[in-house]
Amino acid sequence: MEKYRYSIAGPTPDIPLFKGAFNVGEYSIENTRVYGQNFAVQFMNPIFNKWMGKQEQPHDIHIHITGHSRGAVSAGESVKLIRQKAEEYEKSHIGADGFADRVKFKMILRDPVPGLFTSWFHGTNDLRKVPNLDTTLFCSMAQEHTNMAFPLQNVRGAKRIIIGTTEHGMELGSIDTSQMLQEGDGKSHLSGFYDSETGEYFRGSGLTEIPDGVYIADDKYNLIRVTSYSQLGKVIGAVYDGKSQQGRVKNIHKMVRNWFLDNELQMSFVNEEEWEKAAEKNKQVEDRILASDNKRLKDIQRQLKYVRGLKDNNQVTYATIVAENKKLIEECRKYMKKTNIPTSEGDSTYRMNLVSDLISYTMRENNQYAKEMGAPENELDQKIKAHKDRLERKTGALDRKYASEQRRLERDMSILQYMTDTVALCDKTIDVLKNTGKGYWNSTEYKNFLGKLKDGLNLGPKTSVNEFLTYLKDLEEVSAEYEKWHDQGFGPLTDDGKIRNNFSKEFKKYGDEIRKCIESKSKYIGDKNAPINEIIREREQRITSLKDMGAKNPAPEPEKKVVRKNSNISKTEVNKKGKTETKKKGKTEIKIKK
């Protein structure tokens, strides 16, 4: 075996303060892609000539290309030119049929960024038409440069997409410190990626051996598999935490959506319990899709009803269900393809997430049916199962899982407690407000504020996390609107006006603070559209199951309480006669359990 390696510099013109800012010079994208092609041709043509002269039997030629930033854009262009040159050789030489297909490509693209102006020509790259190409794309959710100058390229056709949290430099030179304590090793290895599902470790060119799929990589390079497009928005939302998202996020959405349009999930369910839980959750997704009156869903609804009917018929074979499931997947893909990415907030996002979840479950279900029909268990399932078994055999693993579920149950129950506290707070405030402004005209802003407080009385165990978050956001907005129109100029002149204004200010803060707290606490809740009492019940069932398996009962961590105080707000109380009293130097306290 002969092995060669070439390194080609990127576009870094020596312009003070603007080094690397423009795609110009000897190593521009346009020039670099041709250099890559020429180097590869220097390999291929002599080998092809030997095959033509019968000096050597045809064999596979492996070309591995790795690029970063504009170099990644150049790499993506080079592979097309190399394939083109191989095809040209076939056409110009009689008896060279099949030579081009002997050339196998593996490519790693790290944060491909075409740069200012160049993005007009290289803003997208579709690699699906390049045969024998295995591409790994690694990009960051955010970068330190402005998006206008360094927009992320939209790449389609990668077999695996890794979305990380590093800066644009990708920490290419960082050292894997986990190797430092091993004798004779020291700092000899660069950092790699740990697949949290299979327990495998990948570094360097080994990234191309990661199972196909979409992954999120945390700051420790742990890979978490994304099994549905719907999960992406939740992850990015948590990373940005309400702050303005960079433009590259749009391309990440498109690339992940397109991966699920172009590829199949190569996994099923590790065991019957996992399949049962997934099926139960998917039934809720199906029910919501069928209940929608959106006309764009009618083809999905029609096929979904048909598939449900087949599953209810005990005489229908697995093969028939798999075939109709594939038709359902295609209908879902048509919907996702026509939907703008990322979707607008609200109902469109809700429907898109439902459809993407249905696609992912149906893919996994088909793989499961294949196993039921006698197909061998796929390699990824075997690796995941083996890793889970290793983790469960570790000392204290069951206790740690039990403790984790206990903490999550406490968070789930605290969300319900927030709802209960909000109901009580709204009820008490309404009782106070009904004694204000009697006989006077009430403004639209006050009616909206009071109406939203009354809506709060409907919160309870059957309320979902998303419904609670929406309510808190609406409460914050109507409170802010009241304050906007009644706290300007001279402000409220009467005691009743001051009471109303003080409550609007307090509820504006309350809505903002509690909403952020709920978003944090519900981070690990899979279905935020399910009633909170269902989520609590499922969590309690898991804890009972773990306890039956022999997990110990560790003492729960003490609950922390935070009390928010605002000395500028008057304390309003209701006296025994039902009249309001305002103590101007008092304090309003709202207790928030965290």
Side-chain angles (χ1 to χ4, degrees), residues 1-11 23-110 112-115 118-137 153-160 204-205 207-209 212 258 262-263:
M1 178 188 292
E2 293 185 53
K3 183 177 179 180
Y4 299 87
R5 177 178 293 173
Y6 295 101
S7 295
I8 305 174
N23 180 44
V24 296
E26 183 182 359
Y27 294 104
S28 65
I29 292 173
E30 287 67 29
N31 288 337
T32 303
R33 64 177 181 167
V34 177
Y35 296 151
Q37 170 201 261
N38 291 341
F39 280 128
V41 169
Q42 288 175 24
F43 285 123
M44 294 190 306
N45 284 4
I47 296 173
F48 289 167
N49 291 336
K50 288 181 181 180
W51 297 352
M52 290 295 297
K54 308 299 182 182
Q55 299 168 268
E56 186 175 280
Q57 286 294 322
H59 56 78
D60 288 347
I61 301 173
H62 297 276
I63 298 179
H64 186 118
I65 307 175
T66 298
H68 172 240
S69 195
R70 283 199 190 96
V73 178
S74 303
E77 292 296 313
S78 296
V79 77
K80 296 177 182 177
L81 295 178
I82 296 168
R83 172 69 190 189
Q84 179 183 322
K85 283 296 181 181
E87 291 175 347
E88 289 175 1
Y89 187 98
E90 275 191 358
K91 293 176 182 178
S92 61
H93 293 76
I94 298 174
D97 293 346
F99 283 14
D101 287 337
R102 286 288 190 174
V103 183
K104 315 289 186 182
F105 300 98
K106 287 197 174 185
M107 183 164 62
I108 299 175
L109 305 180
R110 293 178 179 265
V113 172
T118 316
S119 60
W120 294 344
F121 310 102
H122 297 297
T124 61
N125 189 9
D126 192 342
L127 300 169
R128 289 176 295 171
K129 293 183 179 180
V130 181
N132 300 324
L133 173 60
D134 183 336
T135 303
T136 302
L137 170 67
Q153 187 183 50
N154 181 356
V155 178
R156 189 164 187 177
K159 288 196 173 182
R160 55 202 67 80
S205 59
L207 293 182
T208 58
E209 304 302 321
D212 295 358
N258 289 342
D262 299 336
N263 297 275

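Everything numeric in this text was worked out from a predicted model, so none of it was measured.
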* Give the minimum heavy-atom separation between Met52 and His93, together with the two atoms involved. => CE-CB, 4.1 Å
* Could you go step by step and tell me if Val79 and Thr135 meet the side chain to side chain contact (heavy atoms under 4.5 Å, CB included) rule? -> CA-CA 11 Å; Val79 77; Thr135 303; over 6 Å; no
* **Reported NZ-to-CD distance for the pair Lys50 and Gln55, which is rounded to 0.5 angstrom** => 7.0 Å
* Asked: Any side-chain heavy atom of Thr66 sitting closer than 4.5 Å to one from Leu207?
  -> no
* Least distance between heavy atoms, Val103 atom then Met44 atom -> CG2-SD, 3.7 Å
* **Any side-chain heavy-atom pair of Val155 and Leu109 under 4.5 Å** => yes
* Decide, yes or no, whether a salt bridge links Asp134 with Arg160 under the criterion of side-chain N to carboxylate O below 4.0 Å. => yes
* To do: Please say whether more than 12 non-hydrogen atoms of neighbouring residues, nucleotides or ligands are located less than 6.0 Å from CD in Gln57.
  => no
* **Heavy-atom closest pair, residues Thr32 and Ser78** => O-OG, 4.1 Å
* Find the distance between CG (Leu81) and CZ (Arg33) and round it off to the nearest 0.5 Å. => 5.5 Å
* To do: Please round to the nearest 0.5 Å and tell me the distance separating atom CH2 of Trp51 and atom CD1 of Ile61.
  => 4.0 Å
* To do: To the nearest 0.5 angstrom, please state how far the CG atom of Asn132 sits from the NZ atom of Lys104.
  => 4.0 Å
* Decide yes or no on side chain to side chain contact (heavy atoms under 4.5 Å, CB included) for Thr208 and His64, but give the supporting numbers first. => CA-CA 10 Å; Thr208 58; His64 186 118; 3.8 Å; yes
* Structure fact -> For Gly36 and Ile82 the tightest heavy-atom approach is O-CD1, 4.1 Å
* Asked: Which value, rounded to the nearest 0.5 Å, describes the distance between Leu137 atom CG and Met107 atom CE?
  -> 9.5 Å
* Asked: If you look at every heavy atom in Glu90 and Asp97, which pair is closest and at what distance?
  -> OE2-C, 3.9 Å
* What class does the angle between the rings of Phe48 and Tyr89 fall in, given that below 30° is parallel, 30 to 60° is tilted and above 60° is perpendicular? -> tilted
* **From Asn154, Asn125, Val73, residue fulfilling side-chain contact (heavy atoms from CB on, under 4.5 Å) relative to Pro112** => Val73
* To do: Of all the heavy-atom pairs spanning Ile63 and Ala40, show the shortest one and how long it is.
  => CD1-CB, 4.1 Å
* To do: Keeping the roles fixed (side chain from Arg83, backbone from Ala100), state whether a donor-acceptor pair exists under 3.5 Å.
  => yes
* So, are Glu209 and Lys106 salt-bridged, with charged N and O less than 4.0 Å apart? -> yes
* Counting distance only, does the side-chain N/O of Arg70 pair as donor-acceptor with the main-chain N or O of Pro114 below 3.5 Å? -> yes
* Atom pair CD (Gln37) and CD (Gln84), whose distance is rounded to the nearest 0.5 Å -> 7.0 Å
* Asked: With no hydrogens and no angle check, do the side chains of Asn45 and Lys85 hold a donor and an acceptor under 3.5 Å apart?
  -> no
